[in-house]
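Proteins come first, then strands; the chains are lettered A, B, ... in the order of their sequence lines, and each starts at number 1.
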2 protein chains.
Amino acid sequence: MVDLWRAEPLHEQLAAILRTQIDKGELQPGQRLPSELALQQTYDVSRGTVRHALKVLRDEGKIVTYLGRGSFVPPKNQDL
Amino acid sequence: MVDLWRAEPLHEQLAAILRTQIDKGELQPGQRLPSELALQQTYDVSRGTVRHALKVLRDEGKIVTYLGRGSFVPPKNQDL
DNA sequence: GCGGATTTGTACGTATGTATG
DNA sequence: GCATACATACGTACAAATCCG
């Protein structure tokens, strides 16, 4: 869970959590991440913070996001 | 084809495509447009997006729509 | 006229994008 | 960082009108 009293910004904490889940394979390639609303409720942060965290992962190439559909873990390989 | 990552909204892109076809005469006055389902499949967007695009053209007077029949390019002249 | 297929109308529900305070 | 509002987009379901065999 994110910790209000850690020095690290909330969105960084959340990004780290999701990044770990992806790297560990708990979020499989091709799989959809929980919605922003779900993440918001799960980690008790605002939607803005969730979106900030997702942007971090997006910039890292860890996820891809589609309007109206959600964020996904992209396939590792190049068979697109 | 419509492009998910263009800045222009999908329904605007689709409206522009159909508007061009009308203005070019590829869709003749009096002719029926493809059904919403056909447009949906052709351009790979949701029906809601198709309907949004058609509403744009309807508001422009480019097409008229009848329940159970379809959308049509109205005659240019006033012989209704 | 009947019945199924087609087409548009409407209503929800869910999700992301953007803007504002 | 948070809260709210609205726009954009997808999916589903069903109703209403029309078309056609």
Side-chain angles (χ1 to χ4, degrees), chain A residues 1-19 21-22 27-74 80, chain B residues 1-19 21-22 27-74 80:
Chain A
M1 181 61 78
V2 294
D3 181 359
L4 261 182
W5 306 111
R6 287 269 314 284
E8 197 181 12
L10 291 184
H11 64 264
E12 281 294 347
Q13 295 183 43
L14 178 52
I17 290 173
L18 297 174
R19 191 183 300 115
Q21 290 181 2
I22 294 172
L27 288 171
Q28 293 289 330
Q31 189 177 347
R32 213 201 72 191
L33 275 70
S35 73
E36 296 179 355
L37 177 60
L39 292 172
Q40 172 178 347
Q41 294 169 339
T42 297
Y43 296 98
D44 195 26
V45 293
S46 74
R47 190 183 161 209
T49 301
V50 170
R51 287 179 58 73
H52 199 157
L54 293 180
K55 183 183 187 321
V56 169
L57 298 176
R58 211 153 45 230
D59 290 346
E60 295 175 357
K62 294 283 186 181
I63 62 172
V64 289
T65 302
Y66 302 100
L67 209 177
R69 292 200 271 147
S71 292
F72 298 80
V73 183
L80 299 176
Chain B
M1 183 59 78
V2 295
D3 180 358
L4 256 183
W5 299 115
R6 287 269 316 284
E8 197 181 12
L10 291 183
H11 63 263
E12 283 292 347
Q13 295 183 43
L14 178 51
I17 290 173
L18 297 174
R19 191 184 299 114
Q21 290 180 3
I22 294 172
L27 288 171
Q28 292 290 329
Q31 187 178 347
R32 214 201 71 186
L33 276 69
S35 71
E36 296 177 355
L37 178 61
L39 292 173
Q40 173 179 348
Q41 294 170 338
T42 298
Y43 296 98
D44 195 25
V45 294
S46 73
R47 191 183 160 209
T49 300
V50 170
R51 287 182 59 74
H52 200 156
L54 293 179
K55 182 183 186 321
V56 170
L57 298 176
R58 214 154 42 229
D59 291 346
E60 295 174 357
K62 294 282 187 182
I63 63 172
V64 290
T65 303
Y66 304 101
L67 207 179
R69 291 204 272 150
S71 292
F72 299 80
V73 183
L80 300 178

Using whole Å, report how far CG of A/Leu14 lies from C1' of D/dC2. 15 Å

Measure the distance from CD on B/Glu8 to C1' on C/dT18 and round it to the nearest whole Å. 17 Å

Could you grab the distance from atom CG of A/Leu14 to atom CG of A/Leu57, nearest 0.5 Å is fine? 8.0 Å

Whole-Å distance, B/Gln40 CD to D/dC10 P, equals 9 Å

I'd like to know if the side chain of A/Glu36 reaches the main chain of A/Val50, judged simply by a donor and an acceptor atom lying under 3.5 Å from each other, with no hydrogens or angles considered. no

One should read off an interatomic distance between B/Ile63 CD1 and B/Leu54 CG, to the nearest 0.5 angstrom, of 4.5 Å

Protein-nucleotide distance (A/Lys55, atom NZ; C/dT16, atom C1'), rounded to Å: 15 Å

B/Leu10 CG to D/dA7 P, in whole Å, measures 17 Å

With heavy atoms under 4.0 Å as the rule, sort A/His52 into base, sugar-phosphate or nothing. nothing

Kindly give the atom pairs (protein nitrogen or oxygen, nucleotide nitrogen or oxygen) under 3.5 Å for nucleotides 5-11 of chain C.
unit_1 : atom_1 : unit_2  : atom_2 : d
C/dT8  : OP2    : B/Glu36 : N      : 2.7
C/dT8  : O4'    : B/Gly68 : N      : 3.4
C/dG9  : OP2    : B/Arg51 : NH1    : 2.8
C/dG9  : OP2    : B/Arg51 : NH2    : 3.2
C/dG9  : N7     : B/Arg47 : NH2    : 2.7
C/dG9  : O6     : B/Arg47 : NH1    : 2.9

Residue list, salt bridge (charged side-chain N to carboxylate O under 4.0 Å, His left out) with B/Glu12, at least two apart or on another chain: none

Integer-rounded Å distance: D/dC10 C1' and B/Gln41 CD: 15 Å

Taking OP1 and OP2 of D/dC10, is either one under 4.0 Å from a side-chain nitrogen or oxygen of B/Thr49? yes

Would you please classify the geometry between the B/His52 ring and the B/His11 ring as parallel, tilted or perpendicular, with 30° and 60° separating the classes? parallel

Residues at least two apart in sequence or cross-chain that pass side chain to side chain contact (heavy atoms under 4.5 Å, CB included) with A/Ala38, listed by chain then number, are A/Pro34, A/Ser35

